[in-house]
Amino acid sequence: MSDVADIRSGMDAGSMQALVEGRHGDPFSILGMHQGVDGRYSVRAYLPGALRVEILDRDSARVLASADLIHPAGLFGATLAERNAYYLRIQWPDAVQVTADPYSFAPLLGDLDLHLISQGTHYNLSKALGANPMTIDDVTGVRFAVWAPNASRVSVVGDFNAWDGRRHPMRLRPQAGVWEIFLPHITVGERYKFELADRVGNLLPQKADPVARAAEPAPSTASVVASSEPFRWNDHTWMDNCRNADHFAKALSIYEVHAGSWLRDMEDGGRALDWIELSQRLIPYVSEMGFTHIELLPIMEHPFGGSWGYQPLGLFAPTGRHGTPEDFAYFVDRCHQGGLGVILDWVPAHFPTDVWGLARFDGTALYEHEDPREGFHRDWNTLIYNLGRNEVKGFLIASALEWLDRYHVDGLRVDAVASMLYRDYSRPEGEWIPNRYGGRENLEAIEFFKHLNSIVHDRFPYALMIAEESTAFPSITKPAAEGGLGFDMKWNMGWMHDTLHYMSDDPVYRKYHHGSMTFGMIYAYSERFILPFSHDEVVHGKGSMLAKMPGNPSQRMANLRALFGFMWGHPGKKLLFMGDEIGQWSEWSHDSSVEWDLLDEPSHAGLQRLVRDLNRIYRHFPCLQHGDTVPDGFEWAVADDAEQSVFGMLRFDAGRRLAILVISNFTPIFRGGYRVGVPFPGLWRRILDTDDSVYGGAGLGSGDRLTDDLSAHGRRQSLLLDLAPLSTAMFLFEDGEAMTGGE
């Protein structure tokens with residue numbers, strides 16, 4: 001037996017009591033191996049409930065000493081004559097455990113890691129913080145680390161220690177406010193959280209890991225140790241092609257999806273599909289429909305399914321609702337092999353107030369602002385990230401990079417940008433704090449976006465950074481180096497609102513709002529725009545896209561077909577929410593499925609075929625791509641015929657060898673013999689008419705047409721066309737040489 005006095009050397013009674021009560025902020029100063037003043041070594045281990053503890057030589061398994069119980073709560077200790085690498089053999093009431101001692105390991109994170117974390121520039125943050133399986137001194141286990149600078153004690157808890165925060169208190173690295181510990185023999189799949197005491201010792205609710213790379217499926221809330229093994233990718237061809245892609249010159253047609261409600265398995269209680277099933281069903285469908293990308297509503301872990309993912313708490317973890325992180329990587333891999341890009345909605349604006357999440361993480365407003373005038377979103381009852389803290393900015397940027405790097409996603413659509421750019425966003429006078437110059441602009445957010453986009457484009461030049469920004473804030477898509485925010489594209493919310501307002505009017509009144517459909521071209525090239533008909537337009541009483549259209553059911557469908565034809569002919573990249581392509585009657589519900597049985601009806605199947613053909617034409621003809629982002633690819637053919645509600649657009653390729661006339665009649669009146677001026681004489685071949693019978697129309701529109709030497713709309717040549725009611729038609733002009741396709 002050891003001399004108890006030697007074992008207790010360096011420990012006072014207060015420290016020992018703080019340790020056994022879970023209040024000690026520096027457990028490594030007591031536990032593990034320590035050299036005494038006499039040159040001997042003491043080994044101490046806190047193991048509540050253990051019956052017996054022996055110290056074993058790690059290499060030979062020889063018993064070096066039997067430990068004494070030096071505190072009845074379960075603190076054991078022994079003395080050794082010399083320093084040995086050791087294991088603990090622990091006799092529990094129902095088992096014997098041989099393990100390395102977590103308190104025998106030296107500090108884990110290097111000074112550079114800690115410096116970068118404090119600076120907010122550790123862009124591989126999940127490799128420093130969180131739970132990382134690794135091998136140290138030939139011992140396998142998991143290194144846990146968490147940023148909590150104002151906590152007085154932090155422990156990792158889980159099934160492996162009966163969720164008892166006394167058992168594995170962590171080491172503080174004070175220069176960065178990071179706590180760390182290596183737990184031997186912990187494996188992938190273990191559930192865990194962090195238990196923290198605030199700066200005065202009050203115990204906080206156990207917290208999920210902010211940098212966890214996996215989590216339990218909701219409604220459970222624990223983090224899960226994820227594998228550190230890299231996924232075996234098979235998308236090399238796709239990734240190589242991405243590096244040389246010009247997103248602005250090519251077709252970009254996005255199918256927006258809520259993974260939980262695209263298709264439900266009705267034979268299994270209406271459950272949502274997992275990533276493997278989605279790869280088998282969703283990917284072939286989207287590819288067949290001709291879209292270029294799938295955009296997923298946020299798949300980062302989130303507690304409340306009714307938030308659709310827009311209130312996330314696990315910014316590094318794919319939601320466990322659809323499988324493991326490896327399953328999600330498999331889904332992305334299959335998308336790329338199928339020729340589809342993947343864009344993720346990503347939310348750096350705010351987070352929910354759940355007590356096990358980021359809210360007052362270490363007892364203080366760590367991730368959020370202390371003052372609710374800056375830190376609380378009234379609209380969503382959420383907390384706002386404090387972008388004035390380096391560590392918070394670094395946390396968010398590292399999250400963005402994680403999805404691009406670890407999961408090979410092709411871009412991020414950044415949610416609620418406008419709410420971040422303005423300090424008075426959705427706040428009455430007197431309930432917001434001006435910036436240091438007295439203005440309403442959020443200077444920290446502006447710098448954050450510039451920094452974010454610069455880092456992303458430096459590391460992943462091919463990645464698309466897309467802003468959901470609903471105001472006229474300038475230079476959203478101008479490079480950060482030139483004073484802009486550095487996004488690649490921006491949702492054109494103004495075009496969307498104006499267009500839907502016009503289309504929801506009875507056609508009798510549309511002539512009074514003619515400018516709603518032309519106004520967008522006044523600013524169309526001030527930014528690089530995506531034209532979105534997104535999930536936000538088909539929820540909360542707004543009605544489905546089809547239900548917004550006026551008239552009887554046949555007229556509603558004709559209106560929607562004409563609108564889609566106009567949208568695909570209009571400059572700007574395209575985005576359509578799932579279900580819109582089949583003319584779903586009901587609003588979207590996240591708890592149900594797209595109404596796929598509607599495809600048994602010819603009109604709905606016809607609309608679906610129209611969207612497929614619009615994508616095919618858009619991707620095939622460069623003239624429908626070139627003017628998306630540069631003005632020389634677009635001219636109005638007819639812009640002022642408000643009385644008849646007719647619009648004509650001309651789209652050109654870069655060499656003006658190809659042109660497409662897109663002409664829309666937004667009244668239920670047949671317009672026979674409508675003359676429209678065109679820039680080139682010759683044959684204009686009809687390539688699409690939304691009134692064709694294959695789409696559910698009556699087939700009243702014109703076929704191919706030769707120009708007449710009659711001037712119209714300021715042009716020397718013109719076409720005499722029959723415009724079907726509520727229709728959009730496209731006519732192609734070729735210069736006589738072989739047509740060149742875009743894809």
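Computed from a predicted model, the values in this text were never measured in an experiment.
In this structure, the side chain of K573 does not engage the main chain of M489 through any donor-acceptor pair within 3.5 Å. Panel note: side chain E469, backbone T471; a donor-acceptor pair is recorded below 3.5 Å. Looking at R510, its side chain does come within 3.5 Å of a backbone N or O of D505 through a donor-acceptor pair. Between the side chain of D506 and the backbone N or O of V508 there is at least one donor-acceptor pair closer than 3.5 Å. Checked by atom type and distance alone, the side chain of D692 never pairs as donor or acceptor with a backbone atom of V694 at under 3.5 Å. Proximity of a side-chain donor or acceptor of S544 to a complementary backbone N or O of A547 within less than 3.5 Å is detected. Judged by distance alone, with hydrogens and angles left aside, the side-chain atoms of D580 form no donor-acceptor pair with the main-chain N or O of L576 at under 3.5 Å. Counting only distance, with no hydrogens or angles, the side chain of D235 and the backbone of W238 share no donor-acceptor pair below 3.5 Å. Of the possible donor and acceptor atoms, none in the side chain of K250 sits under 3.5 Å from a partner among the backbone N and O of F248. Although no hydrogens or angles enter the test, the distance criterion places a donor-acceptor pair under 3.5 Å between the side chain of D704 and the main chain of R686.
Using cut-offs of 30° and 60° for the angle between ring planes, the F634 and H570 rings count as tilted. Between W495 and F566, the two ring planes are parallel [angle under 30°; tilted spans 30° to 60°]. Between F331 and F328, the ring-plane angle classifies as parallel under the 30° and 60° cut-offs. A perpendicular orientation is assigned to the rings of F652 and F680, their planes being inclined by more than 60° (bins at 30° and 60°). Ring geometry for W308 versus H535: interplanar angle over 60°, hence perpendicular rather than tilted (30 to 60°). Using bins of under 30°, 30° to 60° and over 60° for the plane-to-plane angle, the ring pair W596/W262 lands in the perpendicular bin.
The ring-ring contact (aromatic ring centres under 6.0 Å, His included) test with H408 is passed by exactly one of W233, Y462, W403: W233. Results of the side chain to side chain contact (heavy atoms under 4.5 Å, CB included) test with E635 over R651, M649, R715, M521 single out R715 as the only residue that passes.
Aromatic rings from F529 and W491 are positioned such that their centres are separated by 6.0 Å or more.
Closest of all the heavy-atom pairs between P681 and Q717 is CB-CG, 3.7 Å. Closest of all the heavy-atom pairs between G673 and L720 is O-CD1, 3.3 Å. Smallest separation of non-hydrogen atoms from L404 and A463: CD2-CB, 3.8 Å. Nearest heavy-atom pair, D691 versus P725, reported as atom, atom and distance to 0.1 Å: OD1-O, 4.4 Å.
Rounding to the nearest 0.5 angstrom, the gap separating the CG atom in D536 from the OG atom in S470 is 10.0 Å. To the nearest 0.5 Å, atoms CE (M465) and OG1 (T477) are separated by 13.0 Å. Interatomic distance, CG of N453 versus CG of D458, reported as 12.0 Å (0.5 Å rounding). Between the NZ atom of K490 and the CG atom of L485 there is a distance of 9.5 Å, given to the nearest 0.5 Å. With rounding to the nearest 0.5 Å, the separation of CG in D240 from NE2 in H236 is 8.5 Å. Rounded to the nearest 0.5 angstrom, L624 CG and S253 OG are separated by 11.5 Å.
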Next on the checklist: I'd like to know whether F533 forms a side chain to side chain contact (heavy atoms under 4.5 Å, CB included) with F577, so could you lay out the CA-CA distance, the side-chain angles of the two residues, the decisive distance to 0.1 Å, and finally the verdict.
Outcome noted: CA-CA 6 Å; F533 288 143; F577 184 56; over 6 Å; no
Next on the checklist: Please evaluate residues N442 and M420 with respect to the criterion side chain to side chain contact (heavy atoms under 4.5 Å, CB included), reporting the C-alpha separation (whole Å), side-chain torsions for both, the decisive distance (0.1 Å), and the verdict.
Outcome noted: CA-CA 7 Å; N442 189 323; M420 300 176 68; 5.8 Å; no
Item to check | Test side chain to side chain contact (heavy atoms under 4.5 Å, CB included) applied to M289 and V611, step by step | outcome: CA-CA 7 Å; M289 287 296 294; V611 173; 3.9 Å; yes
Item to check | N559/Q555 under side chain to side chain donor-acceptor pair (under 3.5 Å): CA gap, chis, key distance, verdict | outcome: CA-CA 6 Å; N559 269 295; Q555 290 173 326; over 6 Å; no
Item to check | Derivation of the salt bridge (Lys or Arg N to Asp or Glu O under 4.0 Å) call for E734 and R685 | outcome: CA-CA 9 Å; E734 302 174 71; R685 181 163 58 87; 3.2 Å; yes
Checklist entry - Could you walk me through whether V409 and I343 pass the side chain to side chain contact (heavy atoms under 4.5 Å, CB included) check? => result CA-CA 6 Å; V409 302; I343 298 168; over 6 Å; no
Item to check | E587 vs K542, salt bridge (Lys or Arg N to Asp or Glu O under 4.0 Å): CA-CA, chis, key distance, verdict | outcome: CA-CA 8 Å; E587 280 194 339; K542 297 178 184 177; over 6 Å; no
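H293 is linked by a ring-ring contact (aromatic ring centres under 6.0 Å, His included) to nothing, counting only residues two or more places apart in sequence or in another chain.
Y310 and D345 are linked by a side-chain donor-acceptor pair at a separation below 3.5 angstrom, with hydrogens and angles left out of the test. Under 3.5 Å, the side chains of W636 and T518 contain no donor-acceptor pair of N or O atoms. Checking T667 against Q644 by side-chain atom types alone, no donor-acceptor pair falls below 3.5 Å. A donor-acceptor pair shorter than 3.5 Å cannot be found between the side chains of E402 and Y407. There is a side-chain donor-acceptor pair under 3.5 Å between H336 and D410. Side chain to side chain, Y674 and D641 meet the donor-acceptor criterion of an N or O pair below 3.5 Å. Looking only at atom types and distance, the side chain of H258 has a donor-acceptor partner in the side chain of S261 under 3.5 Å away.
Pairs engaging residues 694-731 under the ring pair (Phe, Tyr, Trp, His ring centres under 6.0 Å) rule: none recorded [sequence neighbours left out]. Annotation: side-chain hydrogen bond (donor to acceptor under 3.5 Å, both in side chains) contacts involving residues 718-727, sequence neighbours excluded, comprise R675-S718.
Side chains of L732 and W684 form no contact here, defined as non-hydrogen atoms less than 4.5 Å apart. Contact of the D708 side chain with the L719 side chain is not registered, since no non-hydrogen atoms from C-beta on lie closer than 4.5 Å.
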